[in-house]
Amino acid sequence: QVQLVESGGGLVQAGGSLRLSCAASGRTFRIYNMGWFRQAPGKEREPVAAISRTGGLTYSADSVKGRFTISRDNAKNTVYLQMNSLKPEDTAVYYCAADTGLIWTGIMESQKYDYWGQGTQVTVSS
């Protein structure tokens, strides 16, 4: 059982930055691959970035490469998403998710993730 709580969302102008945090409960957080997804109104949820249990492997969607960076601090049971050079099309609810399967594939699929946070809204104005 894992509880995930996202924070750090808000309003920002295009070109600005935000840092999202996902605080996780549970003593086994460090063994989970973690991911960030986002969902814009009227659109399906899409993968953003993922990170392996020790942080040695990462994945980033093409749409955010070079702008977003995923990281984690297992000592703090927290995963982060640093978002730079934000664009209006980045506007969405961002969700943190945990994959308990322990197998890194480098491919993000919603069905692989067993626990989800409540989401945090990111709105980028032009």
Side-chain angles (χ1 to χ4, degrees):
Q1 183 65 40
V2 178
Q3 302 290 330
L4 305 173
V5 180
E6 302 97 333
S7 63
L11 295 170
V12 65
Q13 286 193 299
S17 298
L18 286 173
R19 187 198 194 203
L20 305 185
S21 297
C22 174
S25 66
R27 61 201 301 173
T28 56
F29 168 80
R30 65 185 182 278
I31 72 173
Y32 300 144
N33 298 313
M34 301 294 296
W36 286 97
F37 292 79
R38 67 186 183 186
Q39 186 167 27
K43 301 187 68 176
E44 292 189 345
R45 185 168 51 201
E46 64 176 345
V48 176
I51 189 165
S52 62
R53 61 186 180 90
T54 63
L57 299 170
T58 60
Y59 160 87
S60 296
D62 288 343
S63 60
V64 305
K65 283 183 178 176
R67 300 189 298 119
F68 292 8
T69 302
I70 189 170
S71 62
R72 68 192 296 164
D73 185 341
N74 287 348
K76 296 181 178 180
N77 274 21
T78 303
V79 63
Y80 305 96
L81 186 68
Q82 179 66 47
M83 309 164 66
N84 298 326
S85 301
L86 283 161
K87 305 174 181 179
E89 52 261 46
D90 295 318
T91 295
V93 177
Y94 284 71
Y95 297 93
C96 176
D99 172 15
T100 63
L102 307 181
I103 299 174
W104 177 262
T105 65
I107 301 173
M108 295 182 69
E109 297 180 8
S110 295
Q111 286 185 304
K112 293 179 60 180
Y113 291 83
D114 303 291
Y115 300 100
W116 295 80
Q118 81 287 352
T120 185
Q121 177 71 48
V122 172
T123 302
V124 184
S125 62
S126 59

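Just so it is clear, the structure is predicted and the values come from calculations on it, not from any experiment.
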Transitively linked via ILVMFWY side-chain contacts under 4.5 Å: [X] with [Y]?
X	Y	answer
L57	V79	no
F68	L18	yes
V64	M34	yes
V5	V93	no
V48	V124	yes

Donor-acceptor check, side chain of [X] to backbone of [Y], threshold 3.5 angstrom: yes or no?
X	Y	answer
D73	T78	no
E6	Q118	yes
S126	P88	no

Q) Which pairs count as side chain to side chain donor-acceptor pair (under 3.5 Å) when at least one residue sits in residues 7-19, sequence neighbours excluded? A) S17-N84
What distance separates [X] [atom1] from [Y] [atom2], expressed to the nearest 0.5 Å?
X	Y	atom1	atom2	value
R72	S21	CZ	OG	13.5 Å
N74	T28	CG	OG1	11.0 Å
L81	T69	CG	OG1	8.0 Å

(Q) Which residues pass the side chain to side chain contact (heavy atoms under 4.5 Å, CB included) test with L11, not counting sequence neighbours? (A)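 Expected list: T123.
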What's the shortest heavy-atom distance between [X] and [Y], and which atoms?
X	Y	result
V2	A24	CG1-CB, 4.4 Å
M108	A49	CE-O, 3.2 Å
K43	Q39	O-NE2, 3.0 Å

Q: Flag the pair M83 / L20 as yes when at least one side-chain heavy-atom distance between them is below 4.5 Å, and no otherwise.
A: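 Result yes, sub-4.5 Å side-chain heavy-atom pair found.
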Listed once per pair and sorted, the disulfide (SG to SG under 2.5 Å) pairs that draw on [range], sequence neighbours left out:
range	value
residues 59-95	none
residues 32-93	none
residues 67-126	C22-C96

**Q.** Sequence neighbours excluded, every pair satisfying ring-ring contact (aromatic ring centres under 6.0 Å, His included) that has a member inside residues 88-110
**A.**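 ring-ring contact (aromatic ring centres under 6.0 Å, His included) check on residues 88-110 returns no pairs.
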**Q.** Residue pairs involving residues 20-60 (criterion ring-ring contact (aromatic ring centres under 6.0 Å, His included); sequence neighbours excluded)
**A.**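 Pairs touching residues 20-60 that pass the test: F37-Y113, F37-W116.
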Salt bridge (charged side-chain N to carboxylate O under 4.0 Å, His left out) contacts in which one or both residues fall within [range], not counting sequence neighbours:
range	value
residues 45-54	R38-E46
residues 57-69	D62-K65, R67-D90
residues 99-124	none

(Q) Going by salt bridge (charged side-chain N to carboxylate O under 4.0 Å, His left out), name the residues that satisfy it together with E89, two or more places apart in sequence or in a different chain. (A)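 E89: no salt bridge (charged side-chain N to carboxylate O under 4.0 Å, His left out) contacts found.
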Q | Connected-component partners of Y80 among ILVMFWY, side-chain separation under 4.5 Å | A | none
